[in-house]
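Quick caveat: nothing in here was measured; it's all calculated off a predicted structure. FYI, the numbering just counts along the sequence from 1.
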Amino acid sequence: MAFVCSPPIWRRTMLFSLLLLAVAWIFVPSAPAADKITIYSGRSERLIKPVLDAFTASTGIQVELLSSGTTELVNRLKAEGERTSADLLITNDAGSLELARTAGLLRPLNMREIERAIPAQFRAPDNAWVGLSGRFWIVVYNTTMVKPDHVKSLLDLADPKWKDKIAIPNSGSEYLQAGVSVIRATHGEEKTKQFLQGLKTNADGQVYQKSSQIVDAVAKGQVALGIVNHYYVYRHLATQPTAPIAVLMPDQQEGGMGAIMNVAGVGIVKSTKHLDSAKLLVEFLVAQAGQKLFADLDKEYPLHADVKADPALVDRKSFRAALVPLTKLAELREPTLTLIEQVGLR
């Protein structure tokens, strides 16, 4: 795969500004009901704020962003109840949104804009949460150390031949928890436990809090392989196009479970005092203009069928996704956490 060097910083800044102006021009809102809304966000501020800035430029509605860990935010919403100042919840993980929905924290939505834009498998049955962008749990490999046919499945990383050659997320990672949940649902408890034990042995000290650190370790040749969400690889390559790393989409072999998919998503808090403005933001995020921002800025897969992913990404039509429904990630989480604790992943 060939990668083109990024344009100079001044040019990228100018292009980004033009993109925001174009989005603001394309999205013509109805009259807002409030000048300000508050979002509890489990996403990194640098990833979500440019999209929210485009919304403000389009509508005039100011956005107050409170960023923290998703679990902390869901617990905070539970504690605050109807006293919360939050209007919306944004997370990196469908399981967390489903937990918030089943706890009665989110408002079901009857919006044609959602149903036209986002396929049913990427949202709650009552639209209390809606997926915004797709991410796949993939293997990043150092192209000078590994050939792509050396690994077929995520489960292969438990093989003793990869001892001291892999890097993994820590046990608190929502990505790890969701990924292991899908593996449990597909392969069962015992096989998943063996996989986790092999990962623990093979990674040893190469356990990281941030996925960007995993990609960096692979790029530097400190390890040969790592497990991350796909977009961390493409963001690294956007700034360091000669880095010797590439994406391997696992579990595509005959009988394989398919690549593990999750979504970032949004839900409107049940007790919002600014429902019309909150709906307007959801409408903006699922529309083509908002979806294009996620694709272009964050290197994620858009969920809107008419929006194309960044051409650097593996073509979505070229690989299969695992079949475990996103709505099951919530009920799978607790037994998965118990299993991770039993194995002793740190």
For salt bridge (Lys or Arg N to Asp or Glu O under 4.0 Å), just list the numbers for Glu331 and Lys328, CA-CA rounded to whole Å, side-chain angles, deciding distance to a tenth of an Å, and then say yes or no. CA-CA 6 Å; Glu331 66 183 78; Lys328 287 185 67 68; 3.2 Å; yes
Can you confirm whether more than 12 heavy atoms, excluding those of [X], are under 6.0 Å from its [atom1] atom?
X	atom1	value
Gln209	CD	no
Lys163	NZ	yes
Glu82	CD	no
Asn110	CG	no
Lys308	NZ	no

Is any side-chain heavy atom of [X] closer than 4.5 Å to a side-chain heavy atom of [Y]?
X	Y	answer
Tyr301	His230	yes
Gln291	Ile118	yes
Trp137	Asp251	no
Gln206	Ile166	no
Ser271	Thr84	yes
Trp162	Val146	yes
Val266	Ile90	yes
Leu52	Ile39	yes

Report the C-alpha separation of Asn262 and Val182 in whole Å, then their side-chain angles, then the decisive distance to 0.1 Å, and conclude whether the side chain to side chain contact (heavy atoms under 4.5 Å, CB included) test is met. CA-CA 10 Å; Asn262 205 338; Val182 173; over 6 Å; no
For the [atom1] atom of [X] and the [atom2] atom of [Y], what is their distance to the nearest 0.5 Å?
X	Y	atom1	atom2	answer
Ile61	Leu281	CD1	CG	8.0 Å
Glu300	Asp310	CD	CG	11.5 Å
Leu248	Leu154	CG	CG	9.0 Å
Glu283	Ser277	CD	OG	12.0 Å
His236	Ser211	NE2	OG	13.5 Å
Leu66	Ser41	CG	OG	9.0 Å

Can any side-chain N or O of [X] pair as donor or acceptor with the backbone N or O of [Y] at less than 3.5 Å?
X	Y	answer
Arg346	Asn170	no
Gln62	Thr56	no
Asn229	Tyr231	no
Arg235	Ser212	no
Gln194	Thr192	no
Lys200	Val343	yes

Same cluster for [X] and [Y] if Ile/Leu/Val/Met/Phe/Trp/Tyr side chains link at under 4.5 Å?
X	Y	result
Val233	Leu157	yes
Leu65	Leu47	no
Leu176	Val74	yes
Leu99	Leu109	no
Leu337	Ile260	no

Are Arg43 and Asn92 close enough that a side-chain donor and a side-chain acceptor fall under 3.5 Å? yes
How close do [X] and [Y] get, counting heavy atoms only, and between which atoms?
X	Y	answer
Ser153	Val151	O-CG1, 3.4 Å
Phe55	Ile37	CE2-CD1, 4.2 Å
Thr144	Pro244	CG2-CB, 4.0 Å
Val269	Leu89	CG2-N, 4.2 Å
Ile114	Val286	CA-CG2, 4.4 Å
Phe284	Val51	CE2-O, 3.6 Å

Take Asp276 and Leu280 through the side chain to side chain contact (heavy atoms under 4.5 Å, CB included) test and state the conclusion after the steps. CA-CA 6 Å; Asp276 288 343; Leu280 201 59; over 6 Å; no
Thinking salt bridges, do [X] and [Y] make one under a 4.0 Å N-O criterion?
X	Y	value
Lys193	Glu189	no
Glu98	Arg101	yes
Arg112	Glu115	no

Side chain to side chain contact (heavy atoms under 4.5 Å, CB included) between Phe195 and His187, intermediate numbers included: CA-CA 10 Å; Phe195 166 68; His187 293 291; over 6 Å; no
Please report the C-alpha distance between Thr327 and Trp129 in whole Å, then the side-chain angles of each, then the deciding distance to 0.1 Å, and finally whether the side chain to side chain contact (heavy atoms under 4.5 Å, CB included) criterion is met. CA-CA 10 Å; Thr327 52; Trp129 61 261; 3.9 Å; yes
Going by side-chain contact (heavy atoms from CB on, under 4.5 Å), Leu237 matches just one of Val215, Ile245, Thr242. Which one? Ile245
